[in-house]
Amino acid sequence: MRIAVISDTHANLIALQRVLAAIDDLQTDALWCLGDIVGYGPHPQACADIIRERADVCLAGNHDLAVTGKIDLDDFNPVAREAALWQRGQLNDETMQWLASLPIRTEAEGITLAHGSPRHPVWEYVMDEETAGENYDAFDTPVCLIGHSHRAMGWRMTRASRHVKVEWIAEEPGVPLMVDAHAKWLLNPGSVGQPRDQDPRASFATLETESRAWTWHRVEYDIEAVERAIIDVGLPEMLGRRLYLGW
Ligand code: ZN
């Protein structure tokens, strides 16, 4: 089974369409989404409609929960808060109910999925070896897929007696990574709609369950068009500018 994994679309419809076209070319069998469908971007309703229609497994992220009112907007920075408030007025009731119904952590095909981290699915960012290692016991499957940091990267973890050894895995787009069964893995596909790893291209990943190959993919999209849409709907201009930087 070949699974396409997306995360952190953040209402960036143009990036999402480009990623889904690339996924179609790869002839995948399933689409999994790790959350943050909305938040930040100019097209929340369209992105939610497409992901709801296409995703076989879908999580809620902190931004999805904030837009629906399930978590407090006071925990967000002013720009994220402003975007979430604007998006609340854009989403229909059915979509709000759907977003509010999504799990924050789940399991499929013997793989754990969590938006942030397996131990704190809503808020924790896994960006360093220490945090990765602290999550070693927080999932029981060989692989846990995570999003939230908007950075395509991973960690391979092994335990000898009580010590957890953590190895950081840098993203190499297009190069399959063998997810061996002798370790536990945290893997982040990166962000579709707002990459923050200094590569502005939209990011996603594929996982082949038989061969255990994980591959990151990056695709260019029309950032200028997204920036124009952000300005047109009256969202803060920096939300467009940051897309060029991948930050
Ligand atoms: Zn996010």
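Counting convention: from 1, in listed order, for ligands and their atoms alike.
- Between F76 and W123, a ring centre-to-centre spacing shorter than 6.0 Å is recorded.
- Rounding to the nearest 10°, we obtain 90° for the angle at the Zn ion (ligand 1) between H150 NE2 and H10 NE2.
- Ring geometry, H63 versus H10: the interplanar angle exceeds 60°, so the pair is classed perpendicular (tilted spans 30 to 60°).
- Relative to the six-membered ring of Y40, R242 meets both conditions, a distance below 6.0 Å and an angle of at most 45° to the axis.
- Every side-chain hydrogen bond (donor to acceptor under 3.5 Å, both in side chains) that E171 has, sequence neighbours left out, goes to R218.
- Within the coordination shell of the Zn ion (ligand 1), defined by N, O or S atoms under 2.8 Å, H63 is absent.
- Note on D36: its N/O/S atom closest to the Zn ion (ligand 1) is OD2.
- In D8, the N, O or S atom that comes nearest to the Zn ion (ligand 1) is OD1.
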